[in-house]
Amino acid sequence: EEEEGLEEAYEADAGDELEEEDDPAPPAIIAPAAARHHRAALTFDSPVVDAPSIGPKTAVHLARAGIETVGDLLICDPDEAAEIIGVRHITVDAIETWQMQATLMIEVPGLRVHDAQLLVGAGISSREDLANASAATIFELAMEFLQTSAGSRVLRPGETLEEEEVEEWIEMAQETA
């Protein structure tokens, strides 16, 4: 049942998410040089639509609960927000998942949207968890997540996850300690 709610949340903006990654908004800040990918960093002031798994349609729903920035998302009470919003796919579990994904992207500059989605799907929800984890374990758990309905929508067709990429995520987390 929990996976079903998360799957609906991923499905709700699946098409939007692919378009958004191809056409990113101007960055609020640039990832530090230590983050070798030099991707735009997610910040508390970033629009909520820049957070992982949240497309324009979901952002409109979240705004009804006063959630317009990533910071608003991170400090909101998921139970209260879900009740105010009243949309079937925006569940407490979905909001908590979005909070974990956004937290990872803020704590580990350089992570991409799909990196955070894979990590949370694998059970990693903080920089500390990531910095202290084994690449082989995260890789295995992420591969299991990719076999689920929700996980199957994270990577674009033809994309694969490599253990070397997981090792880079861990290094980024350790460098920001």
Side-chain angles (χ1 to χ4, degrees), residues 5-122 124-130 145 150-151 153-156 159 165 168-169 172-173 175-176:
L6 293 176
E7 289 174 14
E8 290 172 359
Y10 279 102
E11 287 172 0
D13 289 310
D16 295 332
E17 187 65 38
L18 293 177
E19 294 169 15
E20 289 166 18
E21 279 193 26
D22 290 338
D23 193 43
I29 59 171
I30 301 299
R36 42 183 115 345
H37 301 288
H38 302 286
R39 297 182 185 105
L42 191 67
T43 70
F44 270 57
D45 294 327
S46 299
V48 73
V49 73
D50 291 350
S53 305
I54 298 176
K57 295 173 195 170
T58 298
V60 168
H61 292 302
L62 292 171
R64 288 199 313 255
I67 301 169
E68 297 181 356
T69 66
V70 171
D72 295 335
L73 175 66
L74 293 177
I75 65 170
C76 83
D77 177 276
D79 292 299
E80 185 178 307
E83 186 175 326
I84 291 169
I85 295 165
V87 173
R88 193 170 139 256
H89 78 274
I90 302 179
T91 63
V92 172
D93 289 338
I95 295 169
E96 289 173 343
T97 296
W98 300 336
Q99 288 173 325
M100 288 184 276
Q101 292 169 348
T103 296
L104 270 172
M105 287 189 70
I106 288 172
E107 290 181 345
V108 186
L111 285 181
R112 295 172 295 180
V113 166
H114 84 262
D115 300 340
Q117 291 169 324
L118 286 171
L119 285 164
V120 171
I124 301 295
S125 60
S126 72
R127 185 210 57 80
E128 186 177 359
D129 289 347
L130 178 57
F145 172 67
R153 287 183 293 282
V154 172
L155 296 179
R156 292 188 175 115
E159 279 187 322
E165 185 175 8
E168 288 179 13
W169 299 342
M172 286 189 290
E175 289 171 357
T176 59

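The structure presented is a predicted model; accordingly, all values stated were derived computationally and were not measured. For the numbers below, each heavy atom of this structure counts, side chains included, while hydrogens, waters and symmetry mates do not. Residue numbers run from 1 in the order of the sequence given.
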Assess whether side-chain contact (heavy atoms from CB on, under 4.5 Å) is satisfied between T176 and E107, documenting all intermediate values. CA-CA 8 Å; T176 59; E107 290 181 345; over 6 Å; no
May I have the step-by-step check of side-chain contact (heavy atoms from CB on, under 4.5 Å) for V113 and Q101, ending in yes or no? CA-CA 8 Å; V113 166; Q101 292 169 348; over 6 Å; no
Given I90 and W98, is the side-chain contact (heavy atoms from CB on, under 4.5 Å) satisfied, shown in steps? CA-CA 10 Å; I90 302 179; W98 300 336; 4.0 Å; yes
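The shortest distance between side-chain heavy atoms of I106 and V70 falls below 4.5 Å. Proximity of P52 to L42: side-chain heavy atoms (C-beta onward) are separated by under 4.5 Å at one or more points.
Every residue two or more places apart in sequence or in another chain that forms a side chain to side chain contact (heavy atoms under 4.5 Å, CB included) with I84 is listed here: A65, E80. For the side chain to side chain contact (heavy atoms under 4.5 Å, CB included) test, residues two or more places apart in sequence or in another chain that qualify with S125 are M100, D129. Partners of A173 according to the side chain to side chain contact (heavy atoms under 4.5 Å, CB included) rule, which considers only residues two or more places apart in sequence or in another chain, are V108, R127, L130, A131. Among residues two or more places apart in sequence or in another chain, the side chain to side chain contact (heavy atoms under 4.5 Å, CB included) test is passed with V92 by P78, D79, A82, E96. In terms of the side chain to side chain donor-acceptor pair (under 3.5 Å) criterion, T103 has no residue partners (sequence neighbours excluded).
Of all non-hydrogen atoms in S46 and A41, the two that sit nearest each other are OG-O, 4.2 Å. Heavy atoms only, all atoms of each residue included: I67 and C76 are closest at CD1-SG, 3.7 Å.
Side chain of T97 to backbone of D93: a donor-acceptor contact under 3.5 angstrom is found. Under the 3.5 Å distance criterion, the side-chain polar atoms of Q99 are matched with a main-chain donor or acceptor of L73.
The list of side chain to side chain donor-acceptor pair (under 3.5 Å) pairs with a residue in residues 65-76, not counting sequence neighbours, reads T69-D72.
Put simply, NE2 on H61 and CD1 on I85 are 8.5 Å apart, with the number rounded to the nearest 0.5 Å.
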